[in-house]
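In each ligand, atom 1 is the first atom listed, and ligand 1 is the first ligand listed. Residues take their numbers from the sequence shown, with the count starting at 1.
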Amino acid sequence: MSPVIDKITDTSGKKVDVVKSWDAGDPRPRVMLTAAHCVTQKSGSVTEIAGLEVVSGNTNIAAVGKVVQQVEKIIPHPDYDDDTMANDIAILILSEAPNPVPDGANPRSIALPHPADVASYKSVTAAHSVMGWGTTENGFLSQFLMPVRVPYSDQAACKATYSGIGWDVHATSFCTGFVSGGFDSCQGDSGGVLFHRPTTGANSNQLAAPVLTGIVSWGRGCGLPGFAGVYADVAGQRAWIENEVIKSLN
Ligand code: 4AZ
């Protein structure tokens with residue numbers, strides 16, 4: 001995402017920075033979100049920044065024409081807990097992006113969810129999409145980006161299934177998946193994007209631009225009936241994200 005930062009005057013007359021908008025569609029975004037568990041060690045220390053690269057711009061992970069960006073700063077959520085998987089989210093601030101790739105398959109930024117959108121996508125029929133290069137049903141990582149559509153799963157139902165095996169779905173997470181399973185994110189997809197496209201138009205038959213609803217976090221197995229995929233809830237982290245981004249980009 002690429003925030004547009006603006007100064008406003010607060011009630012005490014002080015000038016403060018706010019994120020005016022998240023410039024969805026920016027081809028050279030410098031703010032990335034991932035899972036905290038992707039960039040922290042068991043000991044709680046943050047992954048070494050050296051050698052960490054963000055690769056984008058191609059659905060074929062083995063392709064030559066890719067955009068490679070260096071990471072300047074890793075900001076795991078301060079309340080990430082690797083026992084409960086609470087707040088499994090981290091911000092990566094990238095160094096200056098390189099020139100666009102010649103074939104035009106440039107990365108694009110995605111908008112953060114607006115608090116007002118939340119009710120529409122946190123309803124049991126709402127469609128979300130998740131994609132990644134993680135493990136497929138043949139047990140191997142995929143060379144090509146694999147997208148799948150999964151419905152929002154009722155939070156109480158998802159919590160109930162997991163509590164049956166002694167696992168808790170934290171309030172900072174939510175689940176997506178079919179009750180019958182079969183379509184899911186999996187190992188290697190962690191830290192990746194779950195998104196929703198709101199419906200628009202007079203008959204709600206058009207799809208608006210995607211919003212980032214979740215970050216791939218965990219699950220029991222992949223695609224098992226009842227055990228939906230668990231995602232960090234991005235909408236609930238908006239204030240933290242904006243605050244950190246303002247501190248880092250100013
Ligand atoms: C993982 O370990 C992982 N089925 C990601 C997603 C899911 C399970 C495991 C969800 O990266």
Side-chain angles (χ1 to χ4, degrees), residues 32-44 46-47 52-56 59 61 74 76-77 80-92 110 121-122 124 126-196 210 212-237:
M32 295 269 307
L33 294 178
T34 186
H37 83 260
C38 291
V39 291
T40 51
Q41 317 293 322
K42 261 270 167 233
S43 63
V46 179
T47 302
L52 190 63
E53 289 180 336
V54 172
V55 177
S56 56
T59 52
I61 205 157
I74 304 172
H77 196 289
Y80 164 60
D81 180 332
D82 67 0
D83 286 326
T84 63
M85 297 304 272
N87 303 291
D88 189 12
I89 186 167
I91 302 168
L92 304 180
I110 183 167
Y121 68 74
K122 282 196 177 176
V124 281
H128 293 247
S129 298
V130 58
M131 54 179 79
W133 291 270
T135 310
T136 66
E137 61 268 41
N138 70 12
F140 295 97
L141 294 172
S142 178
Q143 183 186 338
F144 298 94
L145 187 66
M146 300 289 281
V148 73
R149 281 180 97 196
V150 276
Y152 178 81
S153 158
D154 177 67
Q155 186 84 348
C158 188
K159 273 180 88 77
T161 318
Y162 277 109
S163 73
I165 57 164
W167 297 2
D168 184 42
V169 177
H170 195 265
T172 57
S173 306
F174 69 88
C175 313
T176 70
F178 294 92
V179 174
S180 52
F183 300 87
D184 201 2
S185 50
C186 201
Q187 269 80 18
D189 292 321
S190 269
V193 174
L194 178 81
F195 69 87
H196 169 75
L212 181 67
T213 51
I215 308 280
V216 181
S217 183
W218 61 275
R220 180 190 178 205
C222 309
L224 297 177
F227 293 97
V230 186
Y231 297 82
D233 182 6
V234 174
Q237 304 291 359

**Asked** At their closest point, which heavy atom of Y121 faces which heavy atom of A235, and how far apart are they?
**Response**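 For Y121 versus A235, the nearest heavy atoms are OH-CB, 3.2 Å.
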**Asked** Nearest heavy-atom pair of C158 and S153: which atoms, and what distance?
**Response**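 Answer, listing the atom of C158 first, then S153: CB-OG, 3.7 Å.
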Nearest-contact summary for [atom] - protein heavy atom, Å:
atom                    : result
atom 11 (O) of ligand 1 : S190 OG, 2.6 Å
atom 10 (C) of ligand 1 : S185 O, 3.3 Å
atom 5 (C) of ligand 1  : C186 O, 3.4 Å
atom 9 (C) of ligand 1  : Q187 NE2, 3.7 Å

Which atoms from ligand 1 have a heavy atom of [X] less than 4.0 Å away?
X    : answer
G188 : 11 (O)
D184 : 4 (N), 10 (C)
V216 : 5 (C), 6 (C)
W218 : 7 (C), 8 (C), 10 (C)

**Request:** Determine whether the side chain, the backbone, both or neither of F227 has a heavy atom under 4.0 Å from any heavy atom of ligand 1.
**Result:** neither
**Request:** Work out whether the distance between some heavy atom of G221 and some atom of ligand 1 is less than 4.0 Å.
**Result:** yes
**Prompt:** What do you reckon, does A228 put a non-hydrogen atom under 4.0 Å from ligand 1?
**Reply:**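 No, A228 has no heavy atom closer than 4.0 Å to ligand 1.
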**Request:** Can you measure from CD (Q187) to SG (C222) and round to the nearest 0.5 angstrom?
**Result:** 4.5 Å
**Asked** Just checking, is any N or O donor in the side chain of T213 or H128 under 3.5 Å from an acceptor N or O on the other one?
**Response** yes
**Prompt:** Can you tell me if Y231 and S185 form a side-chain donor-acceptor pair at under 3.5 Å?
**Reply:**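 Judged by distance alone, the side chains do pair up.
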**Request:** Identify which one of D184, I215, T176, V148 satisfies the side chain to side chain contact (heavy atoms under 4.5 Å, CB included) criterion when paired with V130.
**Result:** V148
**Prompt:** Given the side-chain rings of F227 and W167, with only the six-membered ring counted for Trp, is the space between their centroids under 6.0 Å?
**Reply:**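 F227 vs W167: aromatic centres not under 6.0 Å.
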**Main-chain N/O of G134 paired with D189 side-chain donor or acceptor, under 3.5 Å** = yes
